[in-house]
Protein chains: 2
Amino acid sequence: MDASTALNIYREQLKKYIDFNEAEWIIFSQHLSINQLKKKQYFSEPGKVCDKVAFMIKGTVRYYHIKDGQEITGYFSFENEFVTSYKSFLTGLPGLTYIQALEDCLLITFTHRDLDQMLANPMLAYKVEKFGRLVAEETIICYEDRVASFITQTPEERYLQLYNTGKDILRRMPQHYIANYLGITPVSLSRIRRRVLTGVK
Amino acid sequence: MDASTALNIYREQLKKYIDFNEAEWIIFSQHLSINQLKKKQYFSEPGKVCDKVAFMIKGTVRYYHIKDGQEITGYFSFENEFVTSYKSFLTGLPGLTYIQALEDCLLITFTHRDLDQMLANPMLAYKVEKFGRLVAEETIICYEDRVASFITQTPEERYLQLYNTGKDILRRMPQHYIANYLGITPVSLSRIRRRVLTGVK
DNA sequence: CCACTTTCTTATCTTTTGTTAACGTTTCCT
DNA sequence: AGGAAACGTTAACAAAAGATAAGAAAGTGG
């Protein structure tokens, strides 16, 4: 895929949040970069500041932490979703999360510095503020549901909910990553699946 | 406390996000209401749209769901924090959460309709957009940490972290609410506390 | 001030999850 | 193609959490 196709996809997807006119888009797009990741490359690593927000044109990433020498996968991103270590990006402090490409990825990114420049530009400031607010609000809604699932549901119920709504994750991610995502071990998820899918035991 | 004192506190606290000049504040504050809740009254209830964002001047609330006839407390808000059922407010759809006063509360609120009016007012739009973005981003950071705690920590580790950083919750909330907040039962938290605080068993 | 509710702990028992290890299968890499 | 790594399941055991109930302590509201 060439750069201009990718940018057009981005512009189209952004209409969900904000509709730039031609003049605005010319300036906005000057702050964008194309970023390609080979499988297993990192978009972000613990100890480093994640100073970019990416939009996934093609590919998938997973977010994971290391605890006691073990990888624990907390999240995934797919096509047409944003990718960043939000807290690190917003605070400018080093993050704790690996963000790793699971397939070759094509990303469109802007840096925090570019964001600041856009917010300082009267041509763009208002729409970029709105863009930021809407993306942040959408993110909050996802988190609200996710936290509620940890508070009110058992691991088995979380799996069933994912089974009914999370086809992308189930289809495209290995099961031991999904187990982490649900807050349980891979062995435990294997047992839950036997209970749920076969009715045995 | 009288209304003007409360509004001054609000204005002062908002400086963390945005600094309104006199003219702006006059307009902004016309969209604010004072809202008092007696202990046990509800700020929001399941099945109803939460169409207000509140700022807590005085008091505390808890957020809870009902599951299988049981209350499950998911969150708390204290003085100088925002209070809303974010998803319901943003989508305009009925929420699932009770937000209940645990003490008599003094709140400053604006409705979604007022927010729309402010965003439509060129005098305020830019600063209110920014205000919304910054509050949303702060909320995301809290959620990111909270989800990480469910993914990477055991209930005991979550309790210890709260013990080291969450003095307000520990000091002001009954233990069975805290248990829910940590994603466990009150009985289980009582056992964890014995293990942790006495070293027994 | 007294009854009533709420809160917390403890005990017992059951269920679930974690841990570790083994095994077969699939996928990956060169 | 062939060796290595990754993946999913299962088993056995230990550890933890859930459910339920009982009782003590603290707080609440007439």
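Below, chain A is the first sequence line, B the second, and so on; all start at residue 1.
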Using whole Å, what does the distance between atom [atom2] of nucleotide [N] and atom [atom1] of [X] come to?
{"X": "A/F150", "N": "C/dT17", "atom1": "CZ", "atom2": "P", "answer": "14 Å"}
{"X": "B/L189", "N": "C/dT7", "atom1": "CG", "atom2": "P", "answer": "14 Å"}
{"X": "A/L102", "N": "C/dC28", "atom1": "CG", "atom2": "P", "answer": "12 Å"}
{"X": "B/I192", "N": "C/dT9", "atom1": "CD1", "atom2": "C1'", "answer": "14 Å"}
{"X": "B/R195", "N": "C/dT9", "atom1": "CZ", "atom2": "P", "answer": "13 Å"}
{"X": "A/Q100", "N": "D/dA6", "atom1": "CD", "atom2": "P", "answer": "11 Å"}
{"X": "A/R158", "N": "C/dT17", "atom1": "CZ", "atom2": "C1'", "answer": "12 Å"}
{"X": "A/K40", "N": "D/dA5", "atom1": "NZ", "atom2": "C1'", "answer": "8 Å"}

Next item on the list: Determine: side-chain N/O of B/R194 to OP1/OP2 of C/dA11, distance under 4.0 Å, yes or no.
Entry: yes
Next item on the list: Remember a base hit wins even if backbone is also touched, and classify A/S190 as base, sugar-phosphate or nothing at under 4.0 Å, heavy atoms.
Entry: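 Base, at least one base atom sits under 4.0 Å.
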Would you say [X]'s side chain and [Y]'s backbone share a donor-acceptor pair under 3.5 angstrom?
{"X": "A/D68", "Y": "A/Q70", "result": "no"}
{"X": "B/E45", "Y": "B/I99", "result": "no"}
{"X": "B/T73", "Y": "B/N180", "result": "no"}

Checklist line | Mutual orientation of the aromatic rings belonging to A/F55 and A/F82 [parallel < 30°, tilted 30-60°, perpendicular > 60°] | finding: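 The rings of A/F55 and A/F82 stand perpendicular, inter-plane angle above 60°.
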Notebook entry, point to check: Going by the angle between their ring planes, with limits at 30° and 60°, are B/H112 and B/F89 parallel, tilted or perpendicular?
Noted result: tilted
Between the protein and nucleotides 13-15 of chain C, which nitrogen or oxygen pairs come in under 3.5 angstrom?
none

Margin query: Quiz question: by atom type and distance under 3.5 Å, do the side chains of B/Y17 and B/E138 form a donor-acceptor pair?
Written below: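 Judged by distance alone, the side chains do pair up.
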Check: Do B/Y63 and B/S77 have a side chain donor and acceptor closer than 3.5 Å?
Finding: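 Yes - a donor-acceptor pair under 3.5 Å links their side chains.
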To check you understand the geometry: which heavy-atom pair defines the closest contact between [X] and [Y], and what is its length?
{"X": "A/Q153", "Y": "B/K67", "result": "CA-NZ, 4.0 Å"}
{"X": "A/Y163", "Y": "A/K167", "result": "O-NZ, 2.9 Å"}
{"X": "B/L182", "Y": "B/F150", "result": "O-CE2, 3.6 Å"}

Margin query: Tell me which residues in residues 170-187 of chain A lie within less than 4.0 Å of DNA chain D, going by non-hydrogen atoms.
Written below: A/P174, A/Q175, A/H176, A/V187
Next item on the list: Describe, as an angle rounded to 10 degrees, how the axis at the first end of the helix from C/dC1-D/dG30 to C/dT30-D/dA1 is tilted relative to the axis at the last end, five pairs per end.
Entry: 70°
Check: Quick one: is the NZ or CZ of B/R172 closer than 6.0 Å to the six-membered ring centre of B/F76, and within 45° of its axis?
Finding: no
